[in-house]
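One structure is given below, encoded as structure tokens.
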Amino acid sequence: MSAALFAGRIAATDEATMTRERQLLLGRALSTLSIEDREILVLKDLEELPFEEIKAITVRPVTALKIRAVRARARLRQALEKLAPGETP
């Protein structure tokens with residue numbers, strides 16, 4: 001195996017490890033949030049549903065959902081900062 005190929009495999013493994021660590025960190029941070037915060041973040045940011053669809057699911061006004069999403073993201077940022085200080089943007 002050439003050195004370049006070996007280095008490429010190491011880099012890919014490092015990237016996969018970092019991705020897995022980020023996923024675990026995100027999962028831990030999400031678990032600290034309220035059910036309502038998790039709900040809006042999963043539906044909007046992970047499932048990428050439009051607010052109109054989320055409105056149909058949650059039976060809440062779109063304005064309230066937008067406010068909840070902004071606040072939930074702020075709480076998620078705070079949770080991530082507590083779990084991994086200095087690593088969040």
### Query
For Gln23, which residues count as a side chain to side chain contact (heavy atoms under 4.5 Å, CB included) partner, sequence neighbours excluded?
Thr19, Arg20

### Query
Do you know the tightest heavy-atom contact between Leu80 and Ala29?
CD2-CB, 3.5 Å

### Message
Using the side-chain hydrogen bond (donor to acceptor under 3.5 Å, both in side chains) criterion, which residues pair with Arg75? Sequence neighbours excluded.
### Response
Asp37

### Query
Residues in side chain to side chain contact (heavy atoms under 4.5 Å, CB included) with Lys55, at least two apart?
Glu52, Val62, Leu65

### Message
On a heavy-atom basis, which atom in Ala69 and which in Leu41 lie closest, and how many Å separate them?
### Response
O-CD2, 4.4 Å

### Candidate pair Ile40 and Thr58, rule side-chain contact (heavy atoms from CB on, under 4.5 Å), full reasoning
CA-CA 9 Å; Ile40 191 66; Thr58 63; over 6 Å; no

### Task
Please round to the nearest 0.5 Å and tell me the distance separating atom OG1 of Thr32 and atom CG of Leu30.
7.5 Å

### Query
Quick one: are Arg71 and Ile67 in side-chain contact, heavy atoms under 4.5 Å?
yes

### Task
For Glu36, enumerate each residue passing the side chain to side chain contact (heavy atoms under 4.5 Å, CB included) test, keeping only those at least two apart in sequence or located in another chain.
Ser34, Arg60, Arg68

#### Entry: Residues which pass side-chain hydrogen bond (donor to acceptor under 3.5 Å, both in side chains) with Arg22, listed by chain and number, not counting sequence neighbours
none

### Message
Taking salt bridge (Lys or Arg N to Asp or Glu O under 4.0 Å) as the cut-off, I'd like each qualifying pair that reaches into residues 41-51, sequence neighbours left out, listed once.
### Response
Asp45-Arg73

### Query
Other than Val42, what residues sit in its cluster of Ile, Leu, Val, Met, Phe, Trp and Tyr side chains whose heavy atoms are under 4.5 Å apart, directly or through others?
Leu46

